[in-house]
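To keep things clear, I will list the structure first and then write my remarks on it.
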Amino acid sequence: MTQQELESKIMKALDTHRIAAFATIEGNRPKARYMAVFHDGLKIYLASDRQTHKVEELKENPNVYLLLGYDGNWPKEVVEIQGSAEVTKNDSLREKFWSEEFKRWFDGPNDPNYVILEISPSRIEYTGEDRERQVWNA
């Protein structure tokens, strides 16, 4: 599989699987939670509240891990993403990724507590229906 084919499969998986287990480091231990996933190419985005533990954890250690895909039934694809994350300073992304579902937590895309986490992948492992693992590296 070429690099371009692998990137295409990863992006298709990101379109299909909109929820991921997102892990940060708290102290020296991993901490995971489910989050909605957005992307632009292989750049990954998550919506969050500025006042959450995950935002504080990223200030201390920006290394993150996402796992998405497998839902208990084979054959399915699995995507594992290692990278670094930060609260983006690009405010236009708050509008771009705003969802009406977020109204449970935020007043709107201009709510000061609504932030977008930007994840820059360094390594992505893709396992397709054939169970063959492919690796993308930045």
Side-chain angles (χ1 to χ4, degrees):
M1 176 180 312
T2 69
Q3 186 77 357
Q4 186 175 15
E5 290 171 331
L6 176 58
E7 289 175 3
S8 179
K9 285 185 179 274
I10 292 168
M11 286 185 282
K12 184 177 178 198
L14 290 168
D15 287 336
T16 301
H17 306 289
R18 306 300 302 194
I19 303 294
F22 173 65
T24 56
I25 304 296
E26 182 179 44
N28 64 350
R29 298 175 188 259
K31 184 175 181 182
R33 71 280 281 160
Y34 290 109
M35 300 205 50
V37 176
F38 307 94
H39 76 99
D40 185 3
L42 294 181
K43 186 72 77 169
I44 314 296
Y45 300 96
L46 309 171
S48 184
D49 188 319
R50 181 181 308 277
Q51 299 176 348
T52 60
H53 290 288
K54 74 179 96 41
V55 171
E56 289 301 314
E57 292 157 6
L58 292 173
K59 289 177 187 175
E60 297 295 319
N61 187 335
N63 293 306
V64 297
Y65 182 88
L66 286 99
L67 175 63
L68 56 103
Y70 181 67
D71 63 1
N73 300 306
W74 282 107
K76 290 290 182 182
E77 60 199 349
V78 174
V79 180
E80 300 173 67
I81 301 168
Q82 297 174 26
S84 61
E86 65 181 354
V87 174
T88 183
K89 295 181 182 1
N90 182 347
D91 284 338
S92 68
L93 294 175
R94 292 167 19 130
E95 184 76 38
K96 180 178 180 177
F97 296 121
W98 175 257
S99 168
E100 291 300 309
E101 294 176 20
F102 297 162
K103 283 187 173 181
R104 291 186 275 177
W105 301 283
F106 306 107
D107 294 332
N110 295 318
D111 185 319
N113 288 322
Y114 167 60
V115 296
I116 300 296
L117 304 180
E118 182 176 327
I119 298 161
S120 299
S122 56
R123 177 181 170 90
I124 302 174
E125 293 184 20
Y126 173 85
T127 305
E129 293 183 15
D130 61 3
R131 297 186 185 182
E132 186 174 325
R133 180 170 286 180
Q134 303 289 325
V135 176
W136 176 93
N137 287 297

- salt_bridge(Glu101, Arg18) N-O dist < 4.0 Å: no
- Item | Neighbour count >12 (heavy atoms, 6.0 Å) for atom CD, Glu60 | no
- Query: Between CD of Gln3 and CE of Met1, what distance do you get to the nearest 0.5 Å?
  - Reply: 10.5 Å
- Taking a hydrophobic cluster as the set of Ile, Leu, Val, Met, Phe, Trp and Tyr residues connected by side-chain heavy atoms closer than 4.5 Å, whether directly or through intermediates, do Leu93 and Val87 fall within one such cluster? no
- Message: Please tell me whether Leu6 and Ile124 are part of a single hydrophobic cluster in this structure, the criterion being side-chain heavy atoms less than 4.5 Å apart.
- Response: yes
- Message: Run the ring-ring contact (aromatic ring centres under 6.0 Å, His included) test against Trp136 and tell me which residues pass, sequence neighbours left out.
- Response: none
- Query: Going by heavy atoms in the side chains, are Glu77 and Lys9 under 4.5 Å from each other?
  - Reply: no
- Item | Lys/Arg-Asp/Glu bridge criterion (N-O < 4.0 Å) met for Glu26, Arg29 | no
- Message: Suppose we screen for ring-ring contact (aromatic ring centres under 6.0 Å, His included). Which residues come up paired with Tyr65, at least two apart in sequence or across chains?
- Response: none
- Could you tell me the separation between the CD atom of Glu7 and the CD atom of Gln134, rounded to the nearest 0.5 Å? 12.5 Å
- Message: Please report the interatomic distance NZ(Lys103) to CG(Asp111), rounded to the nearest 0.5 Å.
- Response: 12.5 Å
- Message: Hydrophobic cluster membership, with links at side-chain heavy-atom distances under 4.5 Å among I/L/V/M/F/W/Y: are Ile119 and Val115 in one?
- Response: yes
- Query: What are the two closest non-hydrogen atoms of Gln51 and Asp49, and how far apart are they?
  - Reply: N-OD1, 2.8 Å
- Query: Can you find a heavy atom in the side chain of Val55 that is under 4.5 Å from one in the side chain of Leu117?
  - Reply: yes
- Would you call the rings of Phe38 and Phe102 parallel, tilted or perpendicular if under 30° counts as parallel and over 60° as perpendicular? perpendicular
- Message: Let me confirm one number: the CZ-CD1 distance from Arg50 to Ile116, rounded to the nearest 0.5 Å.
- Response: 11.0 Å
- Closest non-hydrogen atoms of Asn113 and Phe106, given as atom of the first, atom of the second and distance, are O-CE2, 3.6 Å
- Just wondering, do Ile81 and Leu14 contact through their side chains at under 4.5 Å, heavy atoms? yes
- What closest approach, in Å, do Leu46 and Ala36 show between heavy atoms, and which atom pair accounts for it? CD2-O, 3.2 Å
- Message: Assess, by modelled atom type and distance only, whether the side chains of Thr88 and Arg94 contain a donor and an acceptor separated by less than 3.5 Å.
- Response: no
- Query: Would you call Thr24 and Asn61 a side-chain contact if the rule is heavy atoms closer than 4.5 Å?
  - Reply: no
- According to a 4.5 Å side-chain heavy-atom criterion applied to Ile, Leu, Val, Met, Phe, Trp and Tyr, with indirect links allowed, do Met35 and Leu68 form part of one hydrophobic cluster? yes
- Nearest heavy-atom approach of Pro121 to Leu42 is CG-O, 3.0 Å
- Please indicate whether Lys31 has more than 12 foreign heavy atoms, meaning atoms of other residues, nucleotides or ligands, lying under 6.0 Å from its NZ. yes
- Task: Spell out, as yes or no, whether a donor-acceptor pair under 3.5 Å connects the side chain of His39 to the backbone of Gly41.
- Result: yes
- Item | Over all atoms of both residues, closest heavy-atom pair of Lys54 and Ser48 | NZ-OG, 3.3 Å
- Message: Using 0.5 Å steps for rounding, measure from the NZ atom of Lys76 to the NE2 atom of His17.
- Response: 6.5 Å
- Message: Check for me, please, whether Ile19 and Tyr126 land in the same ILVMFWY cluster - side-chain distances under 4.5 Å, paths through other members count.
- Response: no
- Task: Please report the closest heavy-atom contact between Ile25 and Pro30, naming both atoms and the distance.
- Result: CD1-CA, 4.1 Å
- Message: Return the CZ to CD1 distance between Phe22 and Ile44, rounded to the nearest 0.5 Å.
- Response: 11.0 Å
- Should Ser120 and Lys43 count as side-chain neighbours, where that means a heavy-atom distance under 4.5 Å? yes
- Pairing of Glu80 and Arg133 as salt bridge, 4.0 angstrom limit: yes
